[in-house]
Amino acid sequence: MSRADQTDAVWVNKIIPISTVDGPGARSAVFVQGCNLRCAYCHNPETQTLCRHCGLCVPGCPSGALSQNGSRVVWNPVLCIDCDQCLDVCPYFSSPKVRRMSPQDVFAEIEPNLPFIRGLTVSGGECTLYPSFLTGLFRLAKDNNLSTLIDANGAVDLSLFPDMMNVTDGVMLDLKAWDPEVYRRVTGVERTQAAENNLRFLSSQGKLAEIRLVCQADWIDVRQALDGAAKTIPHAVHDTPLKLIAFRSYGVKGEMKDVAAPGLSEMETYRTYAESIGFTRIVIR
Amino acid sequence: MFDKKQAFDVLTSKRLTHEQKLMSLAKSAENAFDVLEIPEKTRQYFASGVINDLFEGGAPYRPRYILPDYERFVREGSAFLQLQPPRDFDELIFALMIIYRHVPSITNFPVYLGNLDTLIEPFINAESDADVVRKLRLFFTYLDRTITDSFCHANLGPKATRAGELILEAEAGLQNAVPNFTIKYDPDITSDDFMKRAIDCSLQCSNPAICNHQANTSPFGDAYGISSCYNILPTSGGAYTLTRVTLTELAKIADSADHFLQDLLPEVLRLIGDYMTERIKFLVEQSGFFESNFLVREGLIDKDRFLGMFGVTGLAEAVDMLLAGKGFVYGRDSEADDLAEAILNTVESVVNSLDAPYSPLTGGKFLLHAQVGLDSDIGITSGVRIPVGKEPDRFIDHLRHSGRFHKYFPAGVGDIFPIAAHVDQNTDALLDVVRGAFSVGVHYMSFYAADTDLVRITGYLVKRSEMEKYRQNEVVLQNTTQLGAPNYDVNRLKDRKVRMSD
Ligand code: SF4
Ligand code: SF4
């Protein structure tokens, strides 16, 4: 592997050969490890941080897939039976089941899927923390006529990475919350200008593939967030797809793990509200 | 030989409908004749289950599968049926309802109902969408309740038509097992929008299945139809007969893979060729069918467009058995798949060396067909499919495997996949996968949503709810429920790997 490859390598949590829920059509989806937020409702919390090699998860592994090798915890994918014991016990919202991969490594794994997929989506963790990896991977995807989508949490200012954005067809942008207090409570970090900048920047580039918002009345200021987005990109509201996602506690390890899910009728009130402020392409999930 | 006891059991059964009794008794009578010359060796292979003629009966008096030229019937009407050509949509449906009643087959029901969309298209110009859908629903429900056998097939496509879209709309609202639909799909001809509707319909009611039009035009050009259980056959013709070799049973008596490939397999294939020759000759030369039936006399079928289907089944278990001790598994290990390929290469070359009588369309050859199975098949997986529970982890690997083995079977082969229910939110994704599958050589595939009532057994559809009634000893309308229930249970079909759940 060349030096350049190594610099661009990231920790990859998993690669789904055919995903039907990460954008239009059949797509391969890559999930990278590591995030700059710690959302209370995160439903794949094991992707949040890089493994600290503390070794806590090793003794409970029933298949001998984990071992301590000097200062590192090593995972053997051949032995692993995917029982997820390690994820359950890890106190750091991490996973030992990750692989260090360059854009070339990832693409080599995706290549056999090519006749079956129309695109590639990278998610996380937060994949925009690794712009040079994304640039390298998406260049390979473009060479093979795949469409390229990013699933972003909105907390990284994407206008700072023009090379990456050149090979990115669209970004599915999570709004999280609008009010700084609410945002801090739900994501664990301070809200920055990035959220609004991204809305403006992506919509001006025609690359705002979707706005997403997880809904739960006690935790998220749904109406305020929709208002905020609509005011930030007044000309694009009409055309931008909006996905309203009902919070579900399944897989959640964070503070919202025991919080109740909104019912369908509550979700419909959000749809009605979104329509009233100009959104037209609304999906509830 | 006439089996008096069996006939009496049928006659007095409380589990069979009147119609089912009638047909079973007719079969007993047919089997009272001993008109075919069957060598002792062939009889032995029949007894051990290596050869099976799928209940065709002892004295063939009609072809197994008939695919009439319904276009001609619609154009010209029928003197025998005393019908003028239909002039409007109502008359068309009426005429079809009548002729279907008179198309024989091995099941005594029509196994092929025509390319329904192109048949209907010229007749609906004056009708509103709502009227067409309402009439189609009545028509389809009539078919479902009177053709009480799921081995019945209607075709759609490859071109998008208004009729095709309305058929999908009518069908999606019904949960009928009959007829099966197959859409002929050619990415160069079929619009994406039409295919997405077809896929959406398929996730709602397990119909239509999808046929690779480009791959399946090779044997007879465009003039082909899908009948019964994934049979690709010439229209205006069909299949005289179908006899199969059950590779699993043959592997049981093989000393080694070499013994199987060099000695046993060629011998059995030749005996099957001889047996089908006997059947075809009786049917053509003695049964009187081709001299007397109105379908022939009115040019709706032509003897020269019939052929003999050479069935193959149980490849997976045969391969695993021949490699016993080495631990290689069909569908997962390349060593096993390579042996499977060697077996099919032998099958292909031996079958192509045999002469089939009265088969000018195929140049005097039998055509290979991956036979989907019988209710009595225990531990024998249909055709060249991968057994339930041993499917590759990845859908793509499964499809590539199918692509590798479908090419041997011009007379039909297919795979069935339960698809995660939420894929109806992204039908583009399933369309992408179908396109990919066809590009790697898959000839035919069908889906059902993992949570649906209508499940595909080996090719035909059965309702889970009807199977439950049958298990409780209630009389059920469709005879395929009786085939399906044991197959579903024994072959653990509920454990089929659900695809696209990510
Ligand atoms: S999931 Fe984790 S604990 Fe379970 S077998 Fe794999 S490595 Fe071991
Ligand atoms: S995955 Fe978590 S528990 Fe296991 S070694 Fe890494 S940080 Fe420790």
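Values reported hereafter were calculated over all heavy atoms of this structure, with side chains retained and with hydrogens, waters and symmetry mates removed.
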### Message
Using the side chain to side chain contact (heavy atoms under 4.5 Å, CB included) criterion, which residues pair with B/Val498? Sequence neighbours excluded.
### Response
B/Pro418, B/Ala420, B/Ala450
#### Entry: Exceeds 12 heavy-atom contacts within 6.0 angstrom, atom NZ of A/Lys207
yes
### chain B neighbours within residues 12-28 of chain A, where any heavy atom lies under 4.5 Å away
A/Ile16, A/Pro17, A/Ile18, A/Ser19, A/Thr20, A/Val21, A/Gly23, A/Pro24, A/Gly25, A/Ala26
#### Entry: Contact listing (chain A partner; residues 395-407 of chain B; heavy atom under 4.5 Å)
B/Phe395, B/Ile396, B/Leu399, B/Arg400
### Query
Do you know which of B/Asp428, B/Val433, B/Val440, B/Asp432 has the most heavy-atom pairs with chain A at a distance under 4.5 angstrom?
B/Asp432
### Rounded distance (nearest 0.5 Å) linking atom CZ of A/Arg285 with atom NE2 of B/His422
9.0 Å
#### Entry: With A/Cys39 via side chain to side chain contact (heavy atoms under 4.5 Å, CB included) - residues at least two apart
A/Leu37, A/Tyr41, A/Cys42, A/Lys176, A/Thr187
